Amino acid sequence: MAFTTAVPEVVLRSGNARPMPAIGMGTAKFPLVPETAMDAVLAAVELGYRHFDTASMYRTEPPLGDALAEAVRRGLVASREEVFVTTKLWCTQCHPHLVLPSLRESLQNLQMEYVDLYLIHWPVCLKPGPRVFPAKREDAVPFDFEGVWREMEECHRLGLAKAIGVSNFTTWHLDKILAAATIPPAVNQVELNPVWQQRKLRAYCAEKGIHVAAYSPLGGQNWSGEGNAVLESEVLAEIAKARGKSVAQVALRWIYEQGLTPIVKSFSKERLKQNLEIFDWELTDDDLIKISQIPQKKTVTAADVIFSPEGEFTSVKLSDIEVVEE
């Protein structure tokens with residue numbers, strides 16, 4: 001008998017969407033070993049995870065699909081309907097005529113008839129072509145927010161995506177989407193943790209009814225090589241010691257108490273288990289005050305993550321694609 005933890009759920013503003021489990025397993029891992037990814041997903045299902053996050057750029061759609069199909073065969077879940085799956089539209093596909101074909105390709109990779117949530121991965125549009133990483137700066141072109149979102153809505157209407165949303169969008173980018181939307185974004189997935197709390201964006205999304213999901217909830221996307229400001233936080237360490245918890249559990253609990261959904265990237269079964277152990281205790285008011293006073297530092301920027309440092313942006317302004325906002 002597998003050990004499982006009951007995970008609370010969040011109701012999304014989308015009529016067709018099943019509730020989103022309040023913690024998700026991220027599958028971005030480089031370099032990717034498909035067998036390792038599949039084993040990790042199966043371990044997560046056994047522990048009680050029902051929310052899995054992937055993207056066409058991660059190239060983990062096939063092993064995720066294989067793992068969830070195997071989970072059904074083993075009886076770990078009764079059917080595909082018991083899991084919540086998110087995937088994302090990559091920047092080279094952010095052209096109206098490529099949105100639906102890209103989702104159909106993802107569904108084929110996942111061996112599924114629909115995804116629970118389909119996100120625009122970045123507010124960045126690249127010239128159509130192979131998914132090359134990092135991208136050339138001169139390949140960035142203006143983003144047709146209205147046209148792309150119209151096709152995202154078509155994915156929803158066709159039942160191929162039960163809910164649609166965005167990722168790495170600032171309030172400025174969301175204004176562009178909402179001005180064109182007949183179906184507003186259900187979710188905005190962004191870098192968010194105790195050292196990058198995104199107060200302005202969270203307030204905006206709360207006002208607009210957009211649920212916020214948090215990637216790098218443990219500061220994991222350490223692109224600069226300067227250490228991990230979350231796991232090395234003295235404030236979080238002090239709280240963790242007092243609560244008898246790990247620093248990671250304190251960070252995840254704080255995100256959960258803000259009404260947000262952490263997407264945690266770990267392929268270790270023990271850490272996957274620990275990450276679920278955040279629902280039966282609470283932070284104190286004093287803890288929350290201390291966390292609110294942590295100096296803020298963003299890790300992920302569009303220029304650093306997507307693009308090579310060489311070359312120039314010739315068709316867009318960097319300010320139009322940047323995702324730093326506070």
Side-chain angles (χ1 to χ4, degrees), residues 1-11 18-29 36-54 64 67-68 71 74 76-77 82-86 189 191-197 211-222 228-292 294:
M1 179 67 68
F3 167 81
T4 59
T5 296
V7 175
E9 295 182 320
V10 176
V11 176
R18 64 154 290 190
M20 172 191 278
I23 187 169
M25 177 190 181
T27 62
K29 194 164 183 71
T36 302
M38 184 174 174
D39 290 345
V41 171
L42 282 168
V45 173
E46 289 179 349
L47 290 169
Y49 284 83
R50 296 295 182 266
H51 177 181
F52 299 91
D53 182 275
T54 184
L64 175 59
L68 295 178
R74 293 186 189 180
L76 298 175
V77 291
E82 287 193 16
V83 294
F84 188 105
V85 176
T86 299
Q189 185 185 122
E191 180 193 11
L192 195 150
N193 53 55
V195 302
W196 189 246
Q197 298 183 15
H211 183 66
V212 175
Y215 73 77
S216 290
L218 307 180
Q221 299 246 13
N222 180 19
N228 187 310
V230 175
L231 297 182
E232 296 169 8
S233 166
E234 293 182 4
V235 171
L236 298 179
E238 176 186 318
I239 295 169
K241 184 177 180 180
R243 299 282 153 267
K245 304 295 180 181
S246 69
V247 170
Q249 287 170 330
V250 170
L252 295 175
R253 178 69 201 187
W254 175 81
I255 292 170
Y256 173 67
E257 289 192 14
Q258 305 310 300
L260 317 174
T261 300
I263 309 297
V264 190
K265 183 179 67 178
S266 175
F267 280 15
S268 159
K269 188 168 185 176
E270 182 55 36
R271 286 197 295 273
L272 284 165
K273 180 177 181 292
Q274 292 172 6
N275 291 340
L276 285 182
E277 296 170 351
I278 63 168
F279 299 115
D280 59 353
W281 56 281
E282 296 180 350
L283 295 166
T284 67
D285 289 343
D286 188 48
D287 294 336
L288 296 173
I289 291 170
K290 290 177 180 176
I291 293 173
S292 73
I294 292 175

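All residue numbers in this chain count up from 1 along the given sequence. The model shown is predicted, which means the values in this text are computed figures rather than measured ones.
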Practice task
Please name all residues satisfying ring pair (Phe, Tyr, Trp, His ring centres under 6.0 Å) with H51, sequence neighbours left out, ordered by chain then number.
Solution key: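 Checked H51 against ring pair (Phe, Tyr, Trp, His ring centres under 6.0 Å); matches are F84.
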Minimum heavy-atom distance between [X] and [Y], given as atom pair plus value:
X    : Y    : answer
L42  : A71  : CD2-N, 3.8 Å
L231 : N228 : N-OD1, 2.8 Å
L272 : S266 : CD2-O, 3.4 Å
P8   : Y256 : CG-OH, 3.4 Å
V7   : A22  : CG1-N, 3.6 Å
A248 : L218 : O-CD2, 3.6 Å

Practice task
Check whether the side chains of T284 and D287 place a donor and an acceptor atom closer than 3.5 Å, and report yes or no.
Solution key: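 D287 and T284 do have a side-chain donor-acceptor pair below 3.5 Å.
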Are any side-chain N or O atoms of [X] and backbone N or O atoms of [Y], one a donor and one an acceptor, separated by less than 3.5 Å?
X    : Y    : value
Q274 : Q249 : no
Y215 : G26  : no
D53  : T86  : no
E257 : L283 : yes
Q197 : P194 : yes

Exercise for the section: Using a cut-off of 6.0 Å, state whether more than 12 heavy atoms not belonging to D280 lie near its atom CG. Expected result: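 Yes - once you tally the heavy atoms of other residues, nucleotides and ligands closer than 6.0 Å, there are more than 12.
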To the closest 0.5 Å, what do you measure between [atom1] ([X]) and [atom2] ([Y])?
X    : Y    : atom1 : atom2 : answer
L252 : T261 : CG    : OG1   : 11.5 Å
N275 : S246 : CG    : OG    : 7.5 Å
L68  : L76  : CG    : CG    : 10.0 Å
M25  : F267 : CE    : CZ    : 5.0 Å
H211 : Q189 : NE2   : CD    : 10.0 Å
I239 : K241 : CD1   : NZ    : 13.5 Å

Exercise for the section: For the residue pair R50 and V45, establish whether any side-chain heavy-atom pair is separated by less than 4.5 Å. Expected result: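 Answer yes - side chains close enough.
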Exercise for the section: Determine, step by step, whether L236 and W254 satisfy the side-chain contact (heavy atoms from CB on, under 4.5 Å) criterion, reporting the C-alpha distance in whole Å, the side-chain angles of both residues, the deciding distance to 0.1 Å, and the verdict. Expected result: CA-CA 10 Å; L236 298 179; W254 175 81; over 6 Å; no
Practice task
May I have the step-by-step check of salt bridge (Lys or Arg N to Asp or Glu O under 4.0 Å) for E277 and K245, ending in yes or no?
Solution key: CA-CA 9 Å; E277 296 170 351; K245 304 295 180 181; over 6 Å; no
Exercise for the section: Output yes when E9 and R18 qualify as a salt bridge under the 4.0 Å nitrogen-oxygen rule, no when they do not. Expected result: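 Salt bridge present between E9 and R18.
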Handout entry: Among V250, V247, I294, the one residue meeting side-chain contact (heavy atoms from CB on, under 4.5 Å) with V235
Key =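 The option that passes is I294.
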